[in-house]
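The structure appears right after this line, and notes come after that.
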There are 2 protein chains.
Amino acid sequence: MKPEFQLIAAFARRIRRRGSRAPGVVVDVGDDGAVLRASAREDLVATTDAMVEGRHFERRWLTGRELGWRLAAVNLSDLAAMGAAPRFALVSLAIPPGVPERYIEDIERGVVDHLARYGARVVGGNVSSIDGPLVVDLTLLGACARGRAWRRRARPGDAIVVAGVLGAAAAGAVLLRGRKKTGPLVRAYVKPTPRLDVVRALTRSGGAAPSPVHGAIDVSDGLSSDVIHVCEASRVGCEIDATRLPISPAVRAFCRERGLEAVEWALHAGEDYALVLSVPARALRRVSRAIERAGAPASVVGRFTKHRGVYHVIEARGRARTFRARGWDHLQRGR
Amino acid sequence: MKPEFQLIAAFARRIRRRGSRAPGVVVDVGDDGAVLRASAREDLVATTDAMVEGRHFERRWLTGRELGWRLAAVNLSDLAAMGAAPRFALVSLAIPPGVPERYIEDIERGVVDHLARYGARVVGGNVSSIDGPLVVDLTLLGACARGRAWRRRARPGDAIVVAGVLGAAAAGAVLLRGRKKTGPLVRAYVKPTPRLDVVRALTRSGGAAPSPVHGAIDVSDGLSSDVIHVCEASRVGCEIDATRLPISPAVRAFCRERGLEAVEWALHAGEDYALVLSVPARALRRVSRAIERAGAPASVVGRFTKHRGVYHVIEARGRARTFRARGWDHLQRGR
């Protein structure tokens with residue numbers, strides 16, 4: 001079967017082709033969330049993301065609470081990428097025989113608690129049984145000031161700013177596979193931080209002031225894939241400065257031990273849910289400060305260029321080389 | 001494992017217990033949909049329902065288009081039960097290896113086409129792979145006039161009105177299991193009609209006039225289970241008139257051939273997605289006419305009583321006997 005992101009892209013294309021442009025749909029399939037006109041003041045932002053046992057997680061890796069927490073995280077991160085505040089969620093579970101009821105309760109607790117941290121709550125749900133792996137699915141609704149949702153867009157000349165770190169969660173997943181249970185990398189996988197505090201800091205005016213960023217995406221597939229998504233949507237190119245990727249000492253050590261190139265790892269590994277922003281020069285200082293005040297590392301990792309479809313990494317020695325989308329899917333199969 | 005409806009009830013209880021009463025939540029977990037305050041004029045209604053291969057359907061029973069159509073139907077019916085008009089949907093698919101891409105495309109087509117019939121559209125989605133059965137999940141958002149959503153509520157003395165028929169879809173599922181592919185019963189299972197035209201007819205004033213019904217639910221688990229849900233939520237009882245259940249000649253023939261009691265079948269079989277309404281005497285004539293004008297059979301099948309927890313069926317000879325919730329889940333396991 002095709003990798004997931006190709007299936008999703010095909011799905012999005014088919015929906016766009018078939019669906020008439022409906023009234024009330026501001027942003028359609030293909031961004032991190034849909035934007036729907038809800039009122040004179042606010043737009044509604046909706047996203048859905050599932051986790052499938054054996055594919056996105058193993059039950060022995062995660063407690064029920066951790067699984068619920070992570071399910072909330074991946075959806076909260078999609079809303080962060082839209083510059084929206086989470087409000088309401090619907091949970092759908094397909095539960096195989098033999099999963100202890102306690103584990104299910106803990107999933108629900110993890111979801112509810114993580115959402116509560118950002119003022120959102122579960123308002124509906126569905127439970128099915130399944131003769132197969134555990135499937136947990138969340139749909140999350142949020143809100144942003146009318147017309148102010150962040151798109152997957154960038155402008156040439158803008159800085160590429162990463163809020164968060166790269167490569168840690170994917171390293172944690174590898175360690176979990178190897179039955180390691182603790183440490184900062186495992187924690188980065190088990191409890192990723194959706195960057196909603198950053199969104200809050202950057203939209204503090206409640207949308208009265210123009211947004212200081214031109215667009216955003218969250219790193220779920222990997223920086224390379226996700227930045228290319230933005231570039232494709234905006235018909236621009238990009239240059240990534242290899243020396244400025246936010247790679248923690250723990251990730252460097254992980255890569256060294258395994259003979260992996262840390263820059264490659266940080267470029268292509270997913271699941272960190274860092275936020276990638278397109279920031280004009282005039283707002284760069286303000287945005288970086290706001291990110292750091294919100295508790296996330298801020299890194300200017302490169303810039304968007306007008307060279308459509310040209311994606312370069314500039315290495316330590318100043319040499320430029322082309323990179324392609326080679327996200328998490330690829331790394332997982334390569335392991 | 002517990003049957004699904006017990007799991008869902010436990011889930012709902014836990015969410016209610018843990019979740020603070022959030023601003024903007026008008027109707028919480030435990031109804032056919034959540035009602036969320038969206039604007040000064042309208043409320044948002046949200047519901048989610050999944051279908052799991054091997055549990056809710058078999059792939060050899062349904063074409064991709066039929067599966068998608070049915071997935072839309074079960075969710076559209078939840079919105080009908082809330083008196084809401086569908087608007088936006090998010091689809092989540094977990095796809096096992098070996099399912100032809102064409103089948104997946106057809107699912108999407110079925111969903112999109114059925115939603116389009118009621119003016120709604122897909123605005124987002126998610127695709128995962130799964131080593132297990134096909135799982136299709138939909139979250140549907142709709143709208144109703146502010147404060148006018150239909151609840152799972154009834155008033156003593158109100159007539160119990162069914163819009164649609166009973167027992168046909170469940171009979172169709174049995175026939176499909178026996179490899180029959182055609183006929184009105186199979187069609188009733190494969191292409192159930194969500195009763196949104198009835199909703200439209202009954203809310204024509206756009207919510208300016210008070211609603212002519214006191215409450216509603218759709219028959220997904222079976223009339224017995226679903227009416228009892230309404231009674232429990234309203235602390236009332238009910239009397240069902242066995243002679244007035246909308247049982248088609250095809251269902252009677254199906255039951256006769258299998259030595260089943262048609263009344264029992266109609267009382268406990270689910271999946272027809274008929275609408276059950278609590279209608280005051282003064283509005284009964286108007287409501288019945290509106291239902292029929294909207295193309296559905298209207299049947300007054302009994303009344304709600306003030307005898308909390310007392311659920312009676314009045315049989316042809318006038319004898320009353322107690323009934324319990326014995327929905328679709330039960331019938332399926334009993335087969």
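Proteins come first, then strands; the chains are lettered A, B, ... in the order of their sequence lines, and each starts at number 1.
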Chain B contacts, top residue of A:G54, A:G124, A:G132, A:A50 (heavy-atom pairs, under 4.5 Å)
A:A50

So which part of B:V122 gets closer than 4.5 Å to some heavy atom of chain A, the side chain, the backbone, both or neither?
both

In terms of heavy-atom pairs under 4.5 Å, which option from B:A94, B:A34, B:P133 contacts chain A the most?
B:P133

In terms of heavy-atom contacts, A:T48 and B:S92 come closest through OG1-CB, 4.3 Å

Interface moiety of B:E105 toward chain A, non-hydrogen atoms closer than 4.5 Å:
both

Output the option from B:D49, B:L141, B:V91, B:L36 having the highest count of non-hydrogen pairs under 4.5 Å with chain A.
B:L36

From B:R55 CZ over to A:S128 OG, what is the distance, rounded to the nearest 0.5 angstrom?
7.5 Å

Over 12 non-hydrogen atoms of neighbours within 6.0 angstrom of CZ in B:R60
yes

Heavy-atom contact with chain B under 4.5 Å, split by part of A:L115
neither

Examine whether an atom of B:V52 lies under 4.5 Å from a heavy atom of chain A, and if so say whether it belongs to the side chain, the backbone or both; otherwise answer neither.
side chain

Within residues 74-83 of chain A, which positions have a heavy-atom distance to chain B below 4.5 Å?
none

d(A:L90 CG, B:T139 OG1) to nearest 0.5 Å is 5.5 Å

